[in-house]
2 protein chains.
Amino acid sequence: MTPAAPTPAYRRLSVEERRSQLLDAALGLFAHRAPEDVSLDDVAEAAGVSRPLVYRYFPGGKQQLYEAALRSAAEELRLCFDEPHEGPLRPRLSRALDRYLTFVDQHDAGFSALLQGGSVVETSRTTAMVDGVRRAAAVHIMRHLGVGDPGPRLRMTVRTWITAVEAASLIWLDEDKQPPFGELRDWLVEQFVAVLSVTAARDPQTASVVAALASADG
Amino acid sequence: MTPAAPTPAYRRLSVEERRSQLLDAALGLFAHRAPEDVSLDDVAEAAGVSRPLVYRYFPGGKQQLYEAALRSAAEELRLCFDEPHEGPLRPRLSRALDRYLTFVDQHDAGFSALLQGGSVVETSRTTAMVDGVRRAAAVHIMRHLGVGDPGPRLRMTVRTWITAVEAASLIWLDEDKQPPFGELRDWLVEQFVAVLSVTAARDPQTASVVAALASADG
């Protein structure tokens with residue numbers, strides 16, 4: 001009698017670790033295919049686990065998988081702007097963008113797929129999740145700017161810049177990550193200061209934010 | 001015998017006029033409802049015409065109606081940036097933006113509905129149409145800037161600004177069209193010059209565009 005062949009050595013993972021492993025596998029697949037073309041079987045294969053295991057974690061099928069992946073990405077993106085309210089403003093913004101772009105860099109085309117959604121059934125719910133990330137970013141930025149009650153001009157400036165960051169990230173992925181990471185980050189920070197300065201010329205509230213930015217870091 | 005009651009006095013329209021009347025009615029409905037909740041019957045009612053007439057123009061049902069409305073809007077938006085290549089650059093850009101914002105102003109929430117799509121079945125085709133408008137705008141702008149072969153930094157600047165214009169338009173509608181039309185237009189032109197100037201600091205090609213902008217209009 002020969003000794004029993006070793007069973008495949010699955011690493012023992014906690015429920016949360018397993019879930020996040022499966023979501024990572026799904027995000028990797030979203031990078032190359034539209035969300036509606038990614039099946040739970042594909043996720044099982046990509047993660048190297050059994051199909052029943054994936055079905056146990058996502059009994060609601062691919063729509064549930066897609067929403068879970070989007071929610072997990074949204075959660076991570078929200079944390080990017082959660083930066084201590086200490087020290088000069090510009091480096092704070094730079095650190096937040098650094099985290100955001102690291103997420104974009106790591107998730108690559110999966111980031112595009114998530115943001116653009118594809119034609120999954122429940123678009124309104126997923127759109128709301130993506131909008132939630134944008135709103136959270138705007139709230140964080142207003143807090144960093146020390147503004148409690150932003151007027152329409154400052155609000156529009158910040159929200160427009162957030163969309164610009166998102167667009168620049170998508171273009172960056174599309175352009176084989178050119179220009180380099182650090183340049184993109186610095187460029188986006190400088191853009192923010194530039195558009196704030198444009199708004200400052202016609203809005204006293206934004207003018208004081210720009211003055212604070214100039215005095216606090218220089 | 002009394003004389004026959006007059007039949008309802010439909011204005012006689014050409015095929016093209018009728019089609020565009022129906023599309024206008026549809027766009028008006030998209031302003032308040034998701035595209036998938038607008039039926040051909042609703043369009044008939046809104047346009048004050050018979051149901052069979054609408055069905056004759058859009059035998060493919062609401063998906064065809066939505067795509068036709070989007071295509072017509074896309075065509076109109078493309079024309080906005082079709083501006084003679086004469087005279088100073090800044091006023092040209094200002095005139096193009098004036099036409100774009102007039103479209104946004106007139107179509108109101110229908111503009112948002114069209115851009116955001118909703119969960120109509122054929123998302124990829126409609127997304128491609130919206131992307132086509134953005135690409136056409138970028139091509140027009142590069143021609144106005146006199147740049148035949150834009151590098152990645154200039155390309156990213158222009159594409160990012162186009163998204164910013166779109167985002168600002170959506171926010172503007174969301175904020176009850178504040179700030180006023182003319183201020184929004186001028187602000188967006190100034191933003192463009194500001195972000196180009198930021199890029200110019202690290203890109204010689206953009207630097208010459210900014211120099212031309214400064215010398216041509218001032």
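Side-chain atoms are counted along with the backbone in the values below, which use heavy atoms only and exclude waters and symmetry mates. Source: prediction; values computed, not measured. Proteins get letters first, then strands, A, B, ... in listed order; numbering begins at 1 in each.
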**OP:** Would you indicate whether the side-chain heavy atoms of B/Trp187 and A/Thr160 approach each other to under 4.5 Å?
**Re:**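 Heavy-atom side-chain distance check passes, below 4.5 Å.
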
Heavy atoms from other residues, nucleotides or ligands near [atom1] of [X] exceed 12 (cutoff 6.0 Å):
{"X": "A/Asp82", "atom1": "CG", "result": "yes"}
{"X": "B/Glu45", "atom1": "CD", "result": "no"}
{"X": "A/Gln64", "atom1": "CD", "result": "yes"}

Using non-hydrogen atoms and a 4.5 Å limit, figure out which bit of [X] sits close to chain A: side chain, backbone, both or neither.
{"X": "B/Thr199", "value": "both"}
{"X": "B/Leu184", "value": "side chain"}
{"X": "B/Asp186", "value": "both"}

Subject >> For chain A, which residues of residues 149-159 of chain B have heavy atoms nearer than 4.5 angstrom >> reply: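 Expected list: B/Pro152, B/Arg153, B/Arg155, B/Met156, B/Thr157, B/Arg159.
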
Original post:
Looking only at heavy atoms, which two atoms of A/Val198 and B/Gln191 are closest? And how far apart?
Top reply: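 What the structure gives for the nearest pair is CG1-N, 4.2 Å.
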
**OP:** Write down the atom of A/Thr163, the atom of B/Ala167, and the distance for their closest heavy-atom approach.
**Re:**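 Residues A/Thr163 and B/Ala167, closest heavy atoms: OG1-CB, 3.5 Å.
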
Subject >> Part of A/Trp172 lying under 4.5 Å from any heavy atom of chain B >> reply: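 Interface part for A/Trp172: both.
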
**OP:** May I have the step-by-step check of side-chain contact (heavy atoms from CB on, under 4.5 Å) for A/Val195 and B/Glu190, ending in yes or no?
**Re:** CA-CA 9 Å; A/Val195 293; B/Glu190 287 163 28; over 6 Å; no

Subject >> For chain A, the option from B/Ala168, B/Ser197, B/Ala201 that forms the most heavy-atom pairs under 4.5 Å >> reply: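 Among B/Ala168, B/Ser197, B/Ala201, the one with the most close pairs to chain A is B/Ala168.
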
**OP:** For A/Arg143, check side chain to side chain donor-acceptor pair (under 3.5 Å) against everything at least two apart and list the hits.
**Re:**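 Testing A/Arg143 for side chain to side chain donor-acceptor pair (under 3.5 Å), a comparison that skips the adjacent residues, returns none.
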
